[in-house]
There are 2 protein chains.
Amino acid sequence: MGAALALGERSRGRTTPNPNVGCVIVHDGRVVGRGWTQPGGRPHAEAMALAAAGGAARGATAYTTLEPCAHVSARGPACSDLLIAAGVARVVVALGDPDPRTDRFGLARLRDAGIAVSHGVRADDAARGMAGFLTRQRLARPAVTLKLATSLDGCIALADGTSRWITGAQARAHAHLERSRHDAILVGRATWDVDAPTLDVRLPGLEDRAPMRVILSARPSAAAPPDEEARPPIRITGPEQIAALPADHVLIEGGAAAAAAFLRADLVDRLLLYRAPILIGGGNPAIRDIGLDDLGTAHGRWRLHDARQLGTDRVEVYERSPCSPA
Amino acid sequence: MGAALALGERSRGRTTPNPNVGCVIVHDGRVVGRGWTQPGGRPHAEAMALAAAGGAARGATAYTTLEPCAHVSARGPACSDLLIAAGVARVVVALGDPDPRTDRFGLARLRDAGIAVSHGVRADDAARGMAGFLTRQRLARPAVTLKLATSLDGCIALADGTSRWITGAQARAHAHLERSRHDAILVGRATWDVDAPTLDVRLPGLEDRAPMRVILSARPSAAAPPDEEARPPIRITGPEQIAALPADHVLIEGGAAAAAAFLRADLVDRLLLYRAPILIGGGNPAIRDIGLDDLGTAHGRWRLHDARQLGTDRVEVYERSPCSPA
Ligand SMILES: NC(=O)c1ccc[n+]([C@@H]2O[C@H](COP(=O)([O-])OP(=O)(O)OC[C@H]3O[C@@H](n4cnc5c(N)ncnc54)[C@H](OP(=O)(O)O)[C@@H]3O)[C@@H](O)[C@H]2O)c1
Ligand SMILES: NC(=O)c1ccc[n+]([C@@H]2O[C@H](COP(=O)([O-])OP(=O)(O)OC[C@H]3O[C@@H](n4cnc5c(N)ncnc54)[C@H](OP(=O)(O)O)[C@@H]3O)[C@@H](O)[C@H]2O)c1
């Protein structure tokens, strides 16, 4: 299942509106097929893994990060039917599919065909990997990550706006990898105007992953992109409008006003914090007013999920605490 | 030596102008004596350990965190003479004593008496433990720790000044333990006026450790303490004046202006950062302007020495980098 989860990561941020599933088929202890949802959402992971396995799928075990779909679509057959037809003996599933066309039907169809089904294996990790799809199903909006790169004293820039560079090369490469895992990157209008950010993925082999660019601006005419631009940005006039974007994983990269707007609307699911071992003092703060008037209510909302050292910098990932549901 | 270092910690912040030394005497694999510099600076650690060991010191090994003193004083004999008289066979020393009356003479006197001497064992840890004494010897000022307790976005309070509580009970207990390791605690005049901080040690068994209180204020008449006050605060009118305090370990507890004043004067040796997993947004920043106008010069000054989780909070200790000497 660990391998299947890793495969699912390959197309994270590129399968909207479909989930980014991973699938591994194992026969007699040997991997005979691997698959992951292809960019755009089709073929599905199971279909790809079965195609790779061919006849070796008969009697094999399929590990898949999401319940195989039960609905035939114009774009392809149902994966549960494909698994049955291929003669797999056992299917191990991480997470049930909340899509009402599949929810429980996928597993039931496999069981009815005499296939041994296990369910719930590494479900938490699968939920993290497919956070965008699941958030869209549950809340009708994308999963939102807020990225901040700060000094030890929480500044994102000097008072004059200089922010190159606070973090080092390793942290910046990590941030570019995170970009590649999102459909869309959003910045506030001021950051757009000042930094003219390309918001692309500058990592060898991932240059084609440039996500859609989104600007938050209440002003109707601001930041109108020139027609000839290769990746014209999309403008939204309020944080709630991220729901309308054709993107299930959105990364917010600042500035402080945009960050505050999304926090205030309680639309942030994950914090991605890069912190450099420097003091700035009197610099620009990371987040403007979010309407907090009682320290007590600030507690218990964020839970540390992961942390690691990147050179002299540190990255921390916080998730919305289960006690603080969206 | 680990045990000797731990003993030296017992009187850290209470031995000025003497170093807080620890000493363990071991005979045939058994600890026969333990000592640490007593509050006020006398008796010395070696004298105390030898007194505990009595006749068992003959042929024993003495582990001591600092080179035994070579100078007789009105307040007691030289420790190197005491070790020789007690007949110890071997002395293991962490750090040489920079005091010109002892520097190298202590070790030489032991060797001349036929005692086996090892030197340099865990010298870095000993230097940390006796940072105050060493900084006073080297720079004629105390070792200075700046403490900050912040949210993830680097705020020390809401915009209205509320800062109770950002960190949890475990972090606050840790901060009180740190207080007990300092001779003096300093705050800016505004923090003094607003919070009227007692700056004492509220930990069971350590209530008597209340350090000297110091206020930074340029105004001559401000914060004059009432005569009847049990621990009248000392006022200094500029950061450089900490050199005049009868204290070798000084802890700065804010606010943002006082922190900036000491950083700007390059008088901070150690950062003690408590960080709670909350976002404040638009709150009071931890540090005011420190005169930084080039991000490049901010890098390389601080090196992470220690970090640990305290409940949901995290404490990090940064030290002045060796590449950035005072
Ligand atoms: N170090 C870093 O990681 C980092 C990252 C990003 C940015 N920065 C720096 O941050 C600075 C800019 O930050 P900033 O806080 O001033 O501005 P910003 O967040 O980039 O943009 C502010 C603008 O966003 C729009 N906006 C904000 N809230 C909104 C809402 N609720 N609804 C609709 N639109 C909304 C408004 O645009 P309109 O005025 O058009 O309505 C507002 O003027 C730049 O200097 C940049 O370099 C640093
Ligand atoms: N969460 C926390 O960890 C924490 C900790 C401490 C404080 N706080 C909060 O921080 C706020 C106060 O901070 P603040 O930044 O406004 O003030 P502050 O640093 O506490 O005090 C400022 C005062 O310090 C004196 N001062 C500063 N620099 C000086 C210099 N170079 N030479 C001589 N005197 C100097 C001046 O006093 P004069 O005006 O008398 O000359 C100045 O007005 C309070 O709301 C407090 O609750 C929070």
Side-chain angles (χ1 to χ4, degrees), chain A residues 146 148 150-160 162-168 256-257 259-261 263-264 268 271 273 275-305 307 309 312-314 316 318-319 321, chain B residues 146 148 150-160 162-168 256-257 259-261 263-264 268 271 273 275-305 307 309 312-314 316 318-319 321:
Chain A
L146 171 62
L148 303 173
T150 72
S151 61
L152 294 177
D153 53 328
C155 300
I156 58 168
L158 301 192
D160 69 6
T162 313
S163 63
R164 295 202 176 134
W165 293 110
I166 290 177
T167 53
L263 287 166
R264 197 186 258 275
V268 178
L271 304 174
L273 307 182
R275 218 160 57 107
I278 66 170
L279 296 177
I280 289 182
N284 290 344
I287 304 172
R288 300 248 178 105
D289 182 26
I290 59 173
L292 181 73
D293 49 19
D294 174 3
L295 258 181
T297 63
H299 288 277
R301 300 174 77 89
W302 299 104
R303 191 174 58 172
L304 185 65
H305 163 55
Q309 204 66 25
T312 60
D313 303 327
R314 182 174 156 87
E316 293 178 349
Y318 289 84
E319 294 176 342
S321 157
Chain B
L146 171 62
L148 303 173
T150 72
S151 60
L152 294 177
D153 53 327
C155 299
I156 57 168
L158 301 192
D160 68 7
T162 313
S163 64
R164 296 203 175 131
W165 293 109
I166 290 176
T167 53
L263 287 166
R264 197 187 259 274
V268 177
L271 304 175
L273 307 182
R275 220 160 57 109
I278 64 171
L279 295 177
I280 289 181
N284 290 344
I287 305 172
R288 300 247 179 105
D289 182 26
I290 59 174
L292 180 74
D293 49 19
D294 174 3
L295 258 180
T297 64
H299 288 278
R301 301 175 76 88
W302 300 105
R303 191 173 59 170
L304 185 65
H305 163 55
Q309 205 65 23
T312 59
D313 303 327
R314 182 174 157 88
E316 293 178 349
Y318 289 84
E319 294 176 341
S321 157

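First the proteins, then the strands, lettered A, B, ... as listed; each starts at 1.
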Where does B:R314 contact chain A at under 4.5 Å (heavy atoms): side chain, backbone, both or neither?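 For B:R314, the contact with chain A is made by the side chain alone.
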Using non-hydrogen atoms only, which part of B:A298 is less than 4.5 Å away from chain A: side chain, backbone, both, or neither?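 Contact with chain A is through both the backbone and side chain of B:A298.
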Most chain B-contacting option - heavy-atom pairs closer than 4.5 Å, from A:L152, A:I280, A:L295, A:I287: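 Among A:L152, A:I280, A:L295, A:I287, the one with the most close pairs to chain B is A:L295.
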Report the option among A:L273, A:L158, A:L263, A:T312 that has the most heavy-atom pairs separated by less than 4.5 Å from atoms of chain B.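 Going by pairs under 4.5 Å, I would pick A:L158.
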List in chain and number order the residues that pass salt bridge (Lys or Arg N to Asp or Glu O under 4.0 Å) with A:R288, two or more places apart in sequence or in another chain; answer none if no residue qualifies. none
Not counting sequence neighbours, which residues clear salt bridge (Lys or Arg N to Asp or Glu O under 4.0 Å) with A:D289? List them please. A:R264
Search all heavy atoms of B:P277 against all heavy atoms of A:Y318 and return the closest pair with its distance.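 Reported closest heavy-atom pair: CB-CE2, 3.7 Å.
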Note, B:V268 side chain near A:L279 side chain (heavy atom, < 4.5 Å): no
Could you check if a side-chain atom of A:I278 sits within less than 4.5 angstrom of a side-chain atom of B:L292, using non-hydrogen atoms only? no
For the side chain of B:H299 and the backbone of A:A276, is there at least one donor-acceptor N/O pair under 3.5 Å apart? no
Using a cut-off of under 4.5 Å on heavy-atom pairs, state which of B:A159, B:S151, B:A157, B:G282 scores highest against chain A. B:G282
Under a 4.5 Å cutoff for heavy-atom pairs, which residue among B:D294, B:I156, B:D293, B:I166 has the most contacts with chain A? B:I166
